[in-house]
Amino acid sequence: MAPVVARRRARQRVRILPLAGARSRSAEDWWWDRLAPSGSGYHLLQSDSMLLVLPGPGPARPRAQRRASRRAQLLRLRGARAAEAKAKPRTAPAPAPAPAPQQEPDPGWGDRIPLEILLQIFGLLVAADGPIPFLGRAARVCRRWHEAASQPALWHTLTLSPPLAGRPAKSGTKTEKKLLASLEWLMPSRFSQLQRLTLIHWKSQVHPVLKLVSESCPRLTFLKLSDCHGVTPDTLIMLAKACPQLHSLDIQHSMVSPGVPRGPKEAWAELTGASVLGLQVESTAVVSFLEEAGPRMRKLWLTYSSQTTAVLGALLGSCCPQLQLLEVLRLLNLTWLPKPSGRAMTPGPGFPRLEELCLASSTCNFVSNEVLDRLLHGSPHLRLLDLRGCARITPAGLHDLPCQELEQLHLGLYGMSDRLTLAKEGSLLLTQKWCHTLQELDLSGQGFSEKDLEQALAAFSGTPGGSHLALCSLNLRGTRVTPGTVSSVISNCPGLLYLNLESCRCLPRGLKRAYRGPEEVQRCLQQLLTSLPPASQLGSSSQPALP
C-alpha cells in the first residue's frame, strides 16, 4: 500500500505545481500554460467572444509581443530625451501664457426683455392679483426685474393688513410697528403714484401710516379704513389737504378715536380685543373732512350710529355737490333724524349728481318718506336705490321722487314682514313709473295683495312703440303672486335671467324656488302652462282694464 500512496501524492504534486506557479502571473498567461503548454502540439487562438484551442504550432503570443514592443519604445524615448537634454543649452524658463479673459455668464431671457414690455407684463399680473406679494418676489430675480418691479406706476392699488390680526394686543402692536418701519422706506420709493389704499385691522398705528400717506401719496383718490382705531379729525384733515385728488372715502366698521368717551361695550372690546359693530369714526372727524374735501367728494360709505345724524346734516348742507354714491350701512336700530325744531327748515340743494343710494339694513329701521325726500329731492339722475329693511317707505313716497330712470330698486323685507303692518296696495305706482328702465326689482316679503301684484306686473307687458323691456332680475320671494301673473311676466320679459319664487304661498308645490338663467326661467313657464287649466290661463293672462 505504501508505494501506491506515494505514487498518488507524486501525481497530485505534479498537477498542483503549475497552478501554484500560475498564481503569480496574470489570468491570461495561466490559461495559455494550462490549455496549450509549450511542446504539446497545440496553440490558442483568441477572438472577440471565444478562446479556441487549435492543433499545430501557432504564432507567437500577441501579449508577449505587445509587451516587448512597448518596452523597446520606452527605452528609445528615454534615450532621445537624454540626448536632447545634453545638447540643449540652459535658458530661462518661458513666461506663463496670459490667462484667457473669463466670459460672463449668459444673463438669460429675463434680462433680454425690454423694460417697456416687462412693465406691461407686470401690469397685467398686478391688475389681476395686486402688487403684493408678486412685485416683492419678482424684484429678487435679476436686476432688470428689480428695476421693473420698482416702478411706482405698478403700485397704484394697495391693501395693508397686519398679518397677526386677531392675536393678542401686544403682539399685534409689535407687528404694526414692524410693518410701519417697512412702510417708511416703501412710501417714498414705491408709492408716489398710489391711487387706492385700504387699511384693515390697524389698531394702534393708523395715524403714523396716514401721515406717511399724506407725505408720499399726492395722487391718492380712494381710501378705505376697515376696523381701524384712532382715526382723529386731524388725521382726516391732513389727508384732505395733502391729497387734492381724494374723492372716495370708506369708513364703515371703523372704531372711534381714543379721545372719545367710551361706554361699557367699548371698554369690554378694549379689554378683550373683540370688535363691536356699530362703533364708528368720530362724527366731528368726518364732518371736518367733508368741510375740507366736500366739493370734490364723489363716493362715501358710512355705518349709521347716533353720531351719523351730524354727518347727514353736513351732507344735506350742500357740502358735497359732486357726490355720486352714498351708502349708509345700518347696524343699530336708532332714530335717524333729530327732533324737529319749532321753525321750518329750508331744504338744501341735496345731491344733484347722486347715482346710487344704499340705506339697507338687516333689521327694521325708521327711515320714512320724509327722510328719503330730504335726501333725494335734488337727485334726478339716481340709478340705484337700495331700501331693504326700510319698512316705513311707501309706494306713494317712492312715486314722488324726482328720478325718472331708476334701474335697480330693492325693497325686500327679510325675516321681518310677519311682525309689521305692511301696505297691501300701491305697487302699481312703482312699475308704471319705472317699467321701461328697471333692470332689477326686489319686492320680497312685501304684503301686496294678489290683485295688486297682478296689476303691477302687467305694466311690464305694455311697451309703447315696441320698446324693449330691460327687466332681467325679479325677486318675489314670500309674496302673494299667482301662477297666472308669473307666466305673464315671463312671457312679456324675454330678457329675464333671475326669478325668485321661494315661499310664495299661492304657487303650487314644485315651483317655489329660485330660477337662474334663461333656460330655467323658460322651464318654469312651461311647468306653469301645463299645471293651469285653460280657463284660468285665459283669465289670468288677460290684461286688466286700467282706468
Short question: side chain of [X], backbone of [Y] - any donor-acceptor pair under 3.5 Å?
X    : Y    : answer
S503 : R477 : no
Q522 : P518 : no
Q446 : G412 : no
D452 : G426 : yes
T437 : L406 : yes
K433 : H399 : yes
T394 : G397 : yes
S214 : K211 : yes
T530 : Q526 : yes
R513 : L501 : no

Please check if atom NZ in K299 has more than 12 non-hydrogen atoms from other residues, nucleotides or ligands closer than 6.0 Å.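 Counting neighbours around NZ of K299, 12 or fewer heavy atoms of other residues, nucleotides or ligands fall under 6.0 Å, so no.
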Taking atom CD of E450 as the centre, does the number of heavy atoms from other residues, nucleotides or ligands within less than 6.0 Å exceed 12?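 Result for CD/E450: enclosed.
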So do [Y] and [X] actually touch side chain to side chain, heavy atoms under 4.5 Å?
X    : Y    : value
C403 : W434 : yes
I490 : C524 : yes
I251 : L249 : yes
L372 : L398 : yes
L359 : L375 : yes
H156 : Q193 : no
L223 : T198 : no
L135 : W155 : yes

Go through it in stages, so that I can follow the logic: the residues are Q527 and L511, the test is side chain to side chain contact (heavy atoms under 4.5 Å, CB included), and I'd like the CA-CA distance, side-chain angles, deciding distance and then a yes or no. CA-CA 8 Å; Q527 294 177 358; L511 296 176; 2.8 Å; yes
Of the non-hydrogen atoms in [X] and [Y], which two are nearest, and what is the gap between them?
X    : Y    : answer
E292 : A240 : CG-CB, 3.5 Å
L507 : P483 : CD2-N, 3.5 Å
P218 : P244 : O-CD, 3.6 Å
T235 : H207 : OG1-ND1, 2.7 Å
V286 : L236 : N-CD1, 4.3 Å
L154 : V126 : O-CG1, 3.5 Å

No-hydrogen, no-angle side-chain donor-acceptor test under 3.5 Å, [X] and [Y]:
X    : Y    : result
S444 : N500 : no
T485 : T482 : yes
Q322 : R353 : yes

Tell me which one of D386, L441, L384 satisfies side chain to side chain contact (heavy atoms under 4.5 Å, CB included) with Q408.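 Of D386, L441, L384, side chain to side chain contact (heavy atoms under 4.5 Å, CB included) with Q408 is met by L384 alone.
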How far apart are the C-alpha atoms of R383 and E356, what are their side-chain angles, what is the distance that settles it, and do they pass the salt bridge (charged side-chain N to carboxylate O under 4.0 Å, His left out) test? CA-CA 6 Å; R383 296 184 297 104; E356 300 182 16; 3.6 Å; yes
Might you work through the side chain to side chain contact (heavy atoms under 4.5 Å, CB included) test for S488 and F460, ending with a clear yes or no? CA-CA 9 Å; S488 177; F460 290 103; over 6 Å; no
With rounding to the nearest 0.5 angstrom, report the [atom1] to [atom2] distance, [X] to [Y].
X    : Y    : atom1 : atom2 : result
S226 : I200 : OG    : CD1   : 5.5 Å
F351 : Q324 : CZ    : CD    : 13.0 Å
L212 : L210 : CG    : CG    : 9.0 Å
C217 : F191 : SG    : CZ    : 7.5 Å
L476 : L457 : CG    : CG    : 6.0 Å
L401 : L385 : CG    : CG    : 7.0 Å

Lys/Arg cation over aromatic F222: R196, 6.0 Å, 45° cone: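 R196 over F222 ring: yes.
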Is there a side chain to side chain contact (heavy atoms under 4.5 Å, CB included) between L246 and F289 once you walk through the steps? CA-CA 11 Å; L246 182 61; F289 173 82; 3.8 Å; yes
Side chain to side chain contact (heavy atoms under 4.5 Å, CB included) between R388 and D442: does it pass, once the steps are laid out? CA-CA 9 Å; R388 284 174 291 185; D442 183 4; 3.9 Å; yes
